[in-house]
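Heads up: the structure comes next, in structure tokens.
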Amino acid sequence: MSSTTENASILALAEGILSNTKSLIEQLNASNTALPTFSATSQALPTTPDFQALQIRLKAQLEDLQLLVSGPASFYRHFLVRGYEIATFQLALDFEFFTIVPSKGSISVEDLAEQAGLDVDRTGRLMRMLITQRFFTEPNPGFFSHNSFSIALQKDEEIRSMVHFSFDEILKACAESGAAIKADPYNSDGLHCPFYKRFGVPIFDYYEKNPQYAGRFAKAMAGWVKMANNSTDTANGYSWADLRGTVVDMGGGSGHVSVELAQAFPHLSFAVQDGDGTMLALGPKLLTPDLKDRISFTQASFFEPQKHLGAAAYLIRQCTHNWADADVVRIFKSMVPALEGSAPGTPFLINDMILPEPGTTIERIWERERRHVDMVMLVCYGSKERTVKEFDKLLKEADERFVIKNVHNEDHGALGMIEAYLNHGTNGTNGTH
Ligand SMILES: C[S@@+](CC[C@H](N)C(=O)[O-])C[C@H]1O[C@@H](n2cnc3c(N)ncnc32)[C@H](O)[C@@H]1O
């Protein structure tokens, strides 16, 4: 359940919009940011938590006003054609309109069509459809230029990769959702999900077999960090300063999170583990000389018993959401020998998105952003994002002695941090430090 403006009159909504727009302008003035326009030279907006909170409030009001002003019939008239709007955008990405249209000046429809390798008629029709949605402009008939929204995809290859991969393989997988789930309505995992139905392999195997798309996926993930603004959630989500020793970063990929933490907390060392040797091999290249002795890389599967004993903490970041419940229980079980072999109270840190418990009153847009990612998991991995209660249940299923001691960032930020431990203390201790 999300907080709503459900019973607000359209006038109250409009007044709220006016008041929040004034606050937004004040924040922009205070940070010396020019007011946004559709011009290709419009300045980027701030990404501070205060500004984002205001954006979310305003967007919820704008959305409600738009819905109420439209009414259901007119709303569905526009909703049902989103598939065509998405097809237009997919074509613009596939035919590289965003990079072909020059950053300054304009390009004729004929030149754009020739460079894109597409006929002039459909090039013009696609561009004019996009323009109605506020991507690109047509300053003179038959000549196209960028606006602030289209140029954003030219300027940043990582953000463009995130958008393109979403409109390519992920959209194709989404289109198989009905067929995949109807074929097997009671099973959901990497082999029973729309991605598997579309491509015949689990998603990680797909990228192993298609290195050209694996490269775009890696860039897309870097783009997502910029768009979701979540890079600081791990560093701020736990009291790393209180730890001493080595943090094991399970499923750490190239180790980019360990690198960031090692820079922020120079007293700690990190042992990055990942199942994928190729991703792991990228890690040592990220290391500056001062980090070389503090970060190690080992190929290890988190489904196998954890071999690194006596760590200061075990971190698993953005991995549990890729796996179905039964697999997550296996991952948690594989931690038990290491936690038994470590000091009582050694933290097991699960750093993943946390969904609100049903019935919690929160911002609708905030919840929707989390449910978007939950749907990514459903479609691409047959897995899910979880509430704290769901994590607790899986931990207990793996071993009754798991206890959740703390939850950080539960109701703000993009990623939460569950601080669990294995209660194996002796002499009546409860296992905590
Ligand atoms: C979504 S990425 C998260 C990477 C990193 N922890 C982060 O937060 O950016 C999931 C990672 O899990 C790794 N992975 C998949 N299966 C694994 C396994 N069985 N054992 C260890 N790592 C695995 C993938 O190679 C990938 O690096």
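In this chain, residues are counted from 1 in sequence order. Whatever order the structure lists them in is the order used to number ligands and atoms, beginning at 1.
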Please test Met250 against Val248 for side-chain contact (heavy atoms from CB on, under 4.5 Å), starting from the C-alpha separation and ending with a verdict.
CA-CA 6 Å; Met250 299 157 52; Val248 178; 3.9 Å; yes

Show every donor-acceptor pair shorter than 3.5 Å between a side-chain atom in residues 204-214 and any protein atom, with sequence neighbours excluded, or say none if there are none.
{"from": "Tyr207", "atom 1": "OH", "to": "Glu169", "atom 2": "OE2", "distance (Å)": "2.7"}
{"from": "Asn210", "atom 1": "ND2", "to": "Tyr206", "atom 2": "O", "distance (Å)": "2.8"}

Every pair of nitrogen or oxygen atoms between ligand 1 and the protein that is under 3.5 angstrom apart - can you list them with their distances to 0.1 Å?
{"from": "ligand 1", "atom 1": "6 (N)", "to": "Gly251", "atom 2": "O", "distance (Å)": "2.9"}
{"from": "ligand 1", "atom 1": "6 (N)", "to": "Arg317", "atom 2": "O", "distance (Å)": "2.8"}
{"from": "ligand 1", "atom 1": "8 (O)", "to": "Arg317", "atom 2": "O", "distance (Å)": "3.3"}
{"from": "ligand 1", "atom 1": "8 (O)", "to": "Arg317", "atom 2": "NH1", "distance (Å)": "2.6"}
{"from": "ligand 1", "atom 1": "9 (O)", "to": "His256", "atom 2": "NE2", "distance (Å)": "2.8"}
{"from": "ligand 1", "atom 1": "9 (O)", "to": "Arg317", "atom 2": "NH1", "distance (Å)": "3.4"}
{"from": "ligand 1", "atom 1": "19 (N)", "to": "Ser301", "atom 2": "OG", "distance (Å)": "3.2"}
{"from": "ligand 1", "atom 1": "20 (N)", "to": "Phe302", "atom 2": "N", "distance (Å)": "3.0"}
{"from": "ligand 1", "atom 1": "22 (N)", "to": "Gly275", "atom 2": "N", "distance (Å)": "3.1"}
{"from": "ligand 1", "atom 1": "25 (O)", "to": "Asp274", "atom 2": "OD1", "distance (Å)": "2.7"}
{"from": "ligand 1", "atom 1": "27 (O)", "to": "Asp274", "atom 2": "OD2", "distance (Å)": "2.8"}

The residue among Phe98, Phe144, Phe97 that forms ring-ring contact (aromatic ring centres under 6.0 Å, His included) with Phe136 is Phe98

Enumerate the residue pairs fulfilling side-chain hydrogen bond (donor to acceptor under 3.5 Å, both in side chains) with a member in residues 78-92, sequence neighbours excluded, ordered by first and then second residue.
Glu85-Gln133

Residue list, side-chain contact (heavy atoms from CB on, under 4.5 Å) with Ala179, at least two apart or on another chain
Glu176, Lys197

Only one of Arg386, Glu397, Glu390, Arg330 passes side chain to side chain contact (heavy atoms under 4.5 Å, CB included) with Asp325, and that residue is Arg386

